[in-house]
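A short write-up of the structure that comes next.
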Amino acid sequence: MGSSLNAELLQRDLGALVHSLHNEAAHRAGNMWVRGEGCEIIDADGHRYIDAMSGLWNVTLGHGRRELADAASAQMMTLPYCSGYAGNANPQALALGERLASLCYPSINRFFLTSGGGESTDSTIKIARYFWKAQGKPGKYKTVSVMGGYHGVTLAAMCATGMPAYWPAFEPRMPGFSHIPNHDRYRYVVPAGADPETAAADELERAILAEGPDSVALFLAEPVMGGGSYVPPAGYFPRIREICNRYDVLFAADEVITGFGRTGRMFGLEHAGVEPDLVQFAKGITSGYVPLGGVGVSDRVAAAFDRAGDTWMHCYTYSGHPVSCAVALATLDVLEREQLVERAAHLGERMHAGLRRLLGAHPHVGDIRGLGLMATLELVENRATKRPFDAARKVGPQVLAALRERGVITRGRGDQVYLGPPFVIGEDMLDRMVGRVGEAVMSVLGPA
Ligand SMILES: Cc1ncc(COP(=O)(O)O)c(C=O)c1O
């Protein structure tokens with residue numbers, strides 16, 4: 001970066017801030033973002049990049065939407081803040097709750113609002129514990145989730161998150177959390193004689209029996225996992241639903257990424273045709289313009305909140321924030337008016353077809369997976385045996401760097417490269433993005 005403004009500002013930034021996933025070397029080599037225009041973001045040196053992961057999967061409507069800025073501005077001038085504690089309400093939060101009820105699974109009609117995904121995970125876990133206490137089953141407190149899943153990193157969310165890299169620096173983890181294997185169709189080994197559609201879901205039954213059904217409160221899973229875009233077999237969630245019903249375990253869908261259109265349906269679990277008891281969301285609900293998250297609860301769970309004489313001792317200063325709710329309503333207006341959920345489905349098919357055409361036969365592309373505008377390329381040393389590259393080779397980071405040189409910013413993990421552009425991306429730009437992914441992979445790993 002030499003004497004660039006980017007480098008100079010990043011150097012100062014290191015003296016002033018501790019970043020999420022702080023890593024000094026990564027930070028120095030990074031970007032100081034100063035502007036967003038549509039599906040592109042621009043750094044302090046004027047370099048322009050396609051925002052191929054919509055920020056962190058959230059900027060679904062792209063940058064610079066006047067409608068969202070106007071909604072925030074109008075609300076700030078009317079009522080910038082009020083408490084959301086019981087006895088206090090505001091029309092924007094009310095309108096959002098009613099709007100969400102009309103969009104969400106039929107049995108889910110009430111919402112607790114938060115500031116983001118991690119707070120939503122903590123709230124989900126606490127709602128499940130509270131619910132079972134209200135049912136006279138205080139022993140049901142444990143959460144089971146899926147290896148490879150990501151639910152945030154507040155202390156409870158970190159314990160539910162199934163990515164071990166997030167754990168060691170902060171252990172001991174809290175008791176009451178366990179994980180079942182990832183349903184990853186590329187690597188999950190179906191036990192002999194088992195049905196590949198449901199085998200990975202049956203892992204939940206084994207886990208509940210091992211923990212003791214009387215102790216398990218909640219199963220938490222993403223409809224499509226963000227970290228790796230893992231899409232389960234069609235039989236997975238129907239079997240999960242059956243198992244949760246059989247053992248009296250609440251099922252929460254973490255729709256922080258998949259909610260509000262990313263997979264080509266309004267909510268990701270709609271693809272599976274089953275309803276969760278709880279649904280948590282964040283990110284796309286405001287297209288990332290202001291922080292907002294929440295948890296929707298089924299009518300059965302909601303009844304626990306209305307017991308006479310009881311107070312639910314859980315709260316956030318910014319729960320039901322009127323500005324966030326106003327921006328969420330404006331975001332939903334744009335999603336509907338511009339039919340962006342349908343567009344995400346259509347563009348998703350185009351993106352996946354393009355990736356398969358360019359890289360489907362590449363000797364080091366082991367798997368291309370995802371749904372709608374969510375995709376992951378998994379790069380491997382040996383396609384036949386699925387043997388990964390030696391981590392020291394840093395193949396994934398090299399591909400991300402090659403993409404960045406080609407004007408595309410995205411993220412990945414290990415040798416997985418993620419793609420998740422805004423729903424408003426034009427077909428030309430989408431094709432250009434896919435083409436550059438092909439070039440970047442081939443520049444690091446040779447031709448297909
Ligand atoms: C599925 C899922 N759940 C929860 C979270 C945590 O959200 P936040 O970073 O807003 O705490 C994320 C963030 O990426 C996520 O992808």
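Both counts, for ligands and for their atoms, begin at 1 and track the order of listing.
Using a 4.0 Å cut-off between a side-chain N of Lys or Arg and a carboxylate O of Asp or Glu, Asp202 and Arg239 qualify as a salt bridge. Remark: Asp248 engages Lys137 in a salt bridge, criterion side-chain N to carboxylate O under 4.0 Å. Between Arg350 and Glu427 there is a salt bridge, since at least one side-chain N of the basic residue sits less than 4.0 Å from a carboxylate O of the acidic one.
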Residues 166-177 side chain polar contacts: donor-acceptor under 3.5 Å, at least two apart:
unit_1, atom_1, unit_2, atom_2, d
Trp167, NE1, Met158, O, 3.1
Trp167, NE1, Thr161, O, 3.1
Glu171, OE2, Arg173, NE, 3.0
Glu171, OE2, Arg173, NH2, 3.3

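Here Phe305 and Tyr130 bring their ring centres to under 6.0 angstrom of each other. In summary, the aromatic rings of His183 and Tyr236 are positioned with their centroids under 6.0 Å apart.
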Between ligand 1 and the protein, give all atom pairs where both partners are nitrogen or oxygen and the distance is under 3.5 Å, as lines of names plus distance to 0.1 Å.
unit_1, atom_1, unit_2, atom_2, d
ligand 1, 3 (N), Tyr150, O, 3.3
ligand 1, 3 (N), Asp254, OD1, 3.3
ligand 1, 3 (N), Asp254, OD2, 2.7
ligand 1, 7 (O), Gly117, N, 3.4
ligand 1, 7 (O), Gly118, N, 3.4
ligand 1, 10 (O), Gly117, N, 2.8
ligand 1, 11 (O), Gly118, N, 2.6
ligand 1, 14 (O), Lys283, NZ, 2.9

